[in-house]
Amino acid sequence: MLKKITVVAAGAFLALTMSLEIGVATAHAAKVDCDAVMGELNSGKKAKEVATDLKISKSSVYRCKKKAAKAEASPAASAAP
């Protein structure tokens, strides 16, 4: 009886571990379209709304915002042909 419980528990633990691993891998697999993020922000939406609409994290929205600000401030970006 104890052996059967141990096997079932080990199987459940393995299944849970594998499902979490797959979830983490797919969460990082998606690339964020910063142009789409900035378009949404420039239309007046809040970061939380943009994140929900585009199914990304708020930190990804802020990362795109920071990237856009850095590109705007860079003189090389404006001088490029």
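Atom set for the values below is all heavy atoms of this structure, side chains included, hydrogens, waters and symmetry mates excluded. For this chain, numbers begin at 1 and follow the sequence in order. Keep in mind that this is a model prediction, so the values were computed, not measured.
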With sequence neighbours excluded, tell me which residues meet side chain to side chain donor-acceptor pair (under 3.5 Å) with Thr52. none

The side chain to side chain donor-acceptor pair (under 3.5 Å) partners of Ser43 (sequence neighbours excluded) come to none

If a pair satisfies disulfide (SG to SG under 2.5 Å) and one of its residues is in residues 34-64, list it, with sequence neighbours excluded. Cys34-Cys64

Pairing residues for Lys45 by the salt bridge (charged side-chain N to carboxylate O under 4.0 Å, His left out) criterion, not counting sequence neighbours: Glu40, Asp53

Test Leu54 against every option in Val32, Val37, Asp33 by the side chain to side chain contact (heavy atoms under 4.5 Å, CB included) rule and name the one that passes. Val37

Contacts satisfying salt bridge (charged side-chain N to carboxylate O under 4.0 Å, His left out) that involve residues 54-66 (not counting sequence neighbours) are none

